[in-house]
Every structure is written in structure tokens, then in C-alpha cells.
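This report concerns only the one structure given below.
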2 protein chains.
Amino acid sequence: MKIQEVARRAGVSIATVSRTINNSSVVDPKTAKRVWKVVEELGYYPNSQARSLVSGKSRILGLIVSDITNPFFPELIKGFEDVAIHNGYEILVSSTDYDSARMAVCVRRMLERKVEGVAIMTSEMDKHLVDQLAHRNVPMVFLDVRPAGEGISHVEVDYAMGVNEAVEHLLSLGHRRIAFISGPLGLKSARIRRTAFLRALNRYGIDEDKRLVGEGDHTVDGGLNAMTRMLALGGLPTAVLASNDLTAIGTMRAVRRAGLSVPQDISVVGFDDIRLAEFTEPPLTTVRLPRNELAELAFGALIRNVDGQAKTRSGGKLETHLVIRESTCPARAPAVSER
Amino acid sequence: MKIQEVARRAGVSIATVSRTINNSSVVDPKTAKRVWKVVEELGYYPNSQARSLVSGKSRILGLIVSDITNPFFPELIKGFEDVAIHNGYEILVSSTDYDSARMAVCVRRMLERKVEGVAIMTSEMDKHLVDQLAHRNVPMVFLDVRPAGEGISHVEVDYAMGVNEAVEHLLSLGHRRIAFISGPLGLKSARIRRTAFLRALNRYGIDEDKRLVGEGDHTVDGGLNAMTRMLALGGLPTAVLASNDLTAIGTMRAVRRAGLSVPQDISVVGFDDIRLAEFTEPPLTTVRLPRNELAELAFGALIRNVDGQAKTRSGGKLETHLVIRESTCPARAPAVSER
DNA sequence: GGCACGGATGAAAACGTTTGCAGATGATGG
DNA sequence: CCATCATCTGCAAACGTTTTCATCCGTGCC
């Protein structure tokens, strides 16, 4: 089913059919109507490969995430997809599994498919790979870490803000021994959150206790293990801030396995506010990342660069907000006396 | 960066470069080496659009799911993606949001991108849409419901088996008042599970109680609402089988909101065994769907049709298995006396 | 030494579009 | 009535590959 067939049946040239379909230039209403009719009848639709080949535009946007299995990402993907589709773009999603080699494969795929821009929400991006994209003039937007270079935008999330809110919340509940379970420290974004946490503690005059800073890997199991180790170390915290919700869920599980209860013995705060956070037991107090705004801003930044309007970084800092549910409560009475 | 450039620098024709890259026909090792060297140097990679245009093969497989936000799907997608990538295919994922109009859009996209086959795990497929694909000779594999027609395969999941196991498990624990919360009954797959449930009950000589069959929508909220309504109706069940894990989570929440506890007052069984099921509180007893096998079988069935080896339906029935965790326990003593 | 053969290569056609350019047609103004 | 112009349409060239067919060259055989 090619354009030629349509042209033949409508008694016009293929050029006219093309123009009608893309209404790229004025075509006589009568002719157009006839063409459309044939198009309908035949169920014709253009071959997108031929189309992109000649026009040089693929109308595809890439989205690279670390782990599609982490519920935060599907929710983000959905948002991104919605706005992309709405603007006539398709998206190509790849997940890297936090693996650098696999990341290279992702980039290669993006390149091969000639994506017009790519949104990146993962931090295992080697400079090398970024360069590969930059070199091909593929606009990028980073959703997580601050990038360097031109043609690269980023939408920054104010992690520090979220971390501060969480810490303040815990402090106001009387907690003084507050632990943190980070993401894999190989990732920049994980280090950022960790640093923000330590800084917050410091600001409020709380001494750092090495035993109270664990390392997870953004999965439930990682949180479970990290927390289990921490509990074994002694010097128990009265509250834990986890670097994402999955980790928080693992943390709660570890606490419970140790025969303690959340939040009475140990309060737990998550990060992301995945949809499921509302339905854990107890419902998770967590720092909400504005997923939809994130998706929209990212898309916006990308499109602006795709259209060549701006070559600069853009996108403001997105605010995060603490959502208080039931996994936090006042510290046991003389919690301060400890240490 | 076109093939011509490579050809020029290597001092050969573009035909030779093409042959070298695809090693589609014998090329002199010396020449090949020279070509590869240039390819490396230039970082050349073929334009996939031009390639597909002429070869007629897109090397893309479509995957249509209902809701990427339901954790079951990302896990499935990942499996499918892994095996596809491993075989040199890429995948294009679309989610339908259980919406028929959106489904049409998905199909259209698949068609436009010239996917070589599509795996469908959603049941809001109008016959109309299936025909559109069939008419274009796009091989399909259904992962959920039994399809009709040729060029269409399906991988059947033995829902009845899972439902039976679950019911037997509950019966063996002494439960007699067992409730069921289905998915949206507009979906065939939801009806199948529901029918299986009623049949199982019947087989074991338990009378059906209309009050004990609710309708959810495969989301946590849906489960929560359905269970809340059911609890309000009176004639409480001692156990509930939910049609998927999300629904089960909602159900547990509803039970707890009503001041009852899981599993002491009401046992809950889920369906799917999403990764998170292990980490709910209490850990969810659920019927495990073999995700990886499902992905592999689906891919296999698809590939077989893509290569034109078989035009028939294939793929056996996949077994499901009950995973017993802690959301189920023996029914309160004289549970039988009730009713 | 001629011939057939086979392996390696190149020329060119095809894939299905978009788009620049030019031609046709009809209308308008002088 | 001719010139100008606007509007609409068609021709043909690209886009970057794969692939068929033909060519070329060297080799081994008679």
C-alpha cells in the first residue's frame, strides 16, 4: 500500500497526495477531499521509514532510565509518553540496569534509530557516551544529575530541599539518631542525596555517626540488606531516611524482621513517592518527586532544543515535598539520652 | 556519515562495505579488514531507516500492554526486551490504559513503524483491530486471552490452575467463606479468572454468595474500594482471592481500615507475584505467573511466525503456582458454623 | 595455451517518501 | 487582448541503504 496507489486512484500525482497528507502546502480543497477519501478507503498510512529517511526527522524521542522495574520509572515514562504522543512524537525507552556496558548499547540504539532528542534519567553516563550523542547533535536533557556541555539541558530536582524537609520532620518529632541508606554510591545522584543528608545533619548540629550511614542499591533487597547490617552494628537509630521508596520498603522489612516495629521503634522516610507508597504498611512517609512536572519540563527542554530554538541548558529546579503518612512518629521518650 | 564515505576511504564500492558489515556474502578478508578499520575510525553505523526501507525488515517487535504502571508489566517487558535484544530485535512498547481508543492508536503506531510482530497482553482488543494487524500479515501472539484466527499464536496461562491451587489452599486452612475480587469485567481475562473461581468453589461444594464477589479494576484503589464495599455488605468472608497483586494490596488495606487484621481475621491471596509481593506487610500469598517463561514463549512464538516457519497458533499452557507467604492462615476456629 | 569456473567486486536499480522547481491554468488589471 | 500574477499541480531528484546482475581476474584442467 504505497502512496502511488493512492495517487493513481485519486487521479493525481504522488506529490499531491503527499502534500495533502502533510498539508504542507496549499492544495485545492476538492482535490484534497478526493485524496482523503481514497486514503480512507484504502486504509493508507505513510511508511514512516521512507518518510524519515528523506525528511531527516524521525519524530522519535529517546528515554533512558536505569531500571524499568523500579515503579518510579514507569510512572515517569507514562508522563513523558503522554506529553510526547500528544505532541506527535514517539518514544523509545531503554533501561540500563545501572550497567555501564548496557548504557553504551542504549546510546547506540538511540543513535541508530536517529532519535531527535533523548531524556536521560540515570547517572551511569560516561562522559564518553554523552560526547557520542553531543557529537551527533542530539539534544539531551538530564533529569537527575547536572550535566556539562552545550546542547545539553537539565531539569534539576531539588534533592537537598526534600532531604532537609525530611530531616526537619524527623527532628521535630524528637529524633536525634537519624540514619541514612543511600543508593549505590557509584552513582552521582546517590552521592548527591547522601551529601545533602550529611549536610542537613550538620546544619542542625547533629554529629555524624558512621554506623548510621548505609549503602543500598535502590532496590528493596538492597534496602533490606543495608538495614539489616546496620541493625547488627548496634547503636540503633530511631529514624531512617532511605534514598528511595523501594529502599524504604526494604528498610521497614528489616526493622520488622529484627522484631522492632515501624514507626514505634524506628521511623522510616522514603523518597520518590511511588504510587504504592500510599499502600505499604504502614503507609510510607516520603519525599515526593513531582513526576508529571518532571516529565513535562524534560519534554519541553528537549523540544526547544530539537526545534533549534535554544542550545542552552534550561529547566528550573523542581521542588520536592514531604508527604507525611504513618511510617513516622515521635521518637521514644528519652531518645536524646542515648548515644 | 554515510556508507559512501566509508567506501571512499577504504577504496572500495559501497556494495562491498554493505556486504562487509552484514557479512551477507563472501568478501576478501583483506578487504574486510580494511573496511572494518575505516568503520571503526569513523564511528560509522548504518542508517536503520534506509536499511529497513530497502530490506523491508524493521527488526522491531511491538509489545502492547494494558498499563505500564502495574508492576507486573515492567517485569514482563524487561524479560521480553532481554530476549528480543539478545536476538537482534528491538521492541516498541505501548500501553493502552485499558482504553479502547488508545488501543487503536497503539495499533496504528505499530503499523506505521512496521513492526515485524506484536505481542499483546491486554484484552481490550477489538476484533476490528486484530483484523487490521492480521490483514497486514503482522504475526501476533496473545499472552492472555485466547485469540481466534490464523497467523495468530497465543501463549496460554493456566489461570484455572492457579485459581484452583489458591482455593484449595484456603479450603485446607479451613476457610469456607471465600470471596473473590475480580478485575474489570469488561475484560475477557478478568472474566476468565472469575469463572475459574466460581467453578472451583462449585467443585468443592461451596455455595456461591453474591455478596462475596466484587469487581475491582486491577489497581490498588480498585481493590480497596471493592473490598470496602464488600465489608459494608456484611456476611464477611474469612478469606479473599484477588485477581491480581495490586488488587490484593488494596484489599489488605481495606481490611485493615475496617479494623480487622490480615491474615488473622481475613486471609488474602493475590495473583501475579510481582516482585513487591514479597515485601508487603504481611508478605503476600499469591499465585505466581511465570513471567520469564511467558516472555520467552511469547517471543519464540512470534519469531517463528516472523520467519514464516509456522502460521499456526502455538505455545503450550503455562503453569502457575501458589507461593505461600504470610497473608493467609487458618480460618478462625468455627468458621464453618457461620453462614 | 585455451577454457571453464569460481571468488571477489562494482554498477545500478530499487525501497517509499518529501520537496524544489517549473509548468499549467485561470483570473485580474491595464 | 495581452501581460502579470496567484494558485495549484506534476516531474524528478534526493535520502542511505541492500541486492541483483554483470564483470573481472586468477586458477586449474585438459
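Atoms considered below: every heavy atom in the structure, side chains included; atoms not considered: hydrogens, waters and symmetry mates. Values in this document were obtained by computation on a predicted structure and should not be read as measured data. Each chain gets a letter, A, B and so on, in the order its sequence line appears, and its residues count up from 1.
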List, with names and distances, any nitrogen or oxygen atoms from the protein found under 3.5 Å away from nitrogen or oxygen atoms belonging to nucleotides 12-17 of chain C.
from: C/dC15; atom 1: O2; to: B/V54; atom 2: N; distance (Å): 3.4
from: C/dG16; atom 1: OP2; to: A/K2; atom 2: NZ; distance (Å): 3.1
from: C/dT17; atom 1: OP1; to: A/Y44; atom 2: OH; distance (Å): 2.9
from: C/dT17; atom 1: OP1; to: A/N47; atom 2: N; distance (Å): 3.4
from: C/dT17; atom 1: OP2; to: A/I3; atom 2: N; distance (Å): 2.7
from: C/dT17; atom 1: O5'; to: A/Y44; atom 2: OH; distance (Å): 3.1

Would you indicate, yes or no, if C/dA11 has its OP1 or OP2 atom less than 4.0 angstrom from a side-chain nitrogen or oxygen of B/S13?
no
Check: A/E75 side chain, A/R275 main-chain N or O, donor-acceptor pair, under 3.5 Å
yes
Should the heavy atoms of other residues, nucleotides or ligands under 6.0 Å from CD of B/Q4 be counted, would the total exceed 12?
no
Please work out whether the ring planes of B/Y98 and B/H218 are parallel, tilted or perpendicular, with thresholds of 30° and 60°.
tilted
At under 4.0 Å between heavy atoms, what does B/T31 touch on the DNA or RNA strands: base, sugar-phosphate, or nothing?
sugar-phosphate
Distances under 3.5 Å between nitrogen or oxygen atoms of protein and nucleotides 21-28 of chain D:
none

Between B/D97 and B/D99, is there a donor-acceptor pair closer than 3.5 Å when you use the side chain of the first and the backbone of the second?
no
Side-chain donor or acceptor of B/E116 paired with backbone N/O of B/S58 under 3.5 Å
yes
B/I21 CD1 to C/dT9 C1', straight-line distance once rounded to whole Å
16 Å
Which of A/K127, A/H135, A/H128 passes side chain to side chain donor-acceptor pair (under 3.5 Å) with A/D131? Answer is A/K127
Ignoring hydrogens and angles, tell me if any N or O in the side chain of B/S52 forms a donor-acceptor pair with the backbone of B/S48 under 3.5 Å.
yes
I'd like to know if the side chain of A/N22 and the backbone of A/S24 have a donor-acceptor N/O pair within less than 3.5 Å.
no
Using side-chain heavy atoms (C-beta onward) and a distance below 4.5 Å, is B/T31 in contact with B/T20?
no
N/O donor-acceptor pair under 3.5 Å between B/D126 side chain and B/L129 backbone
no
Members of residues 104-117 of chain B that approach DNA chain D, where some heavy atom sits under 4.0 Å away:
none
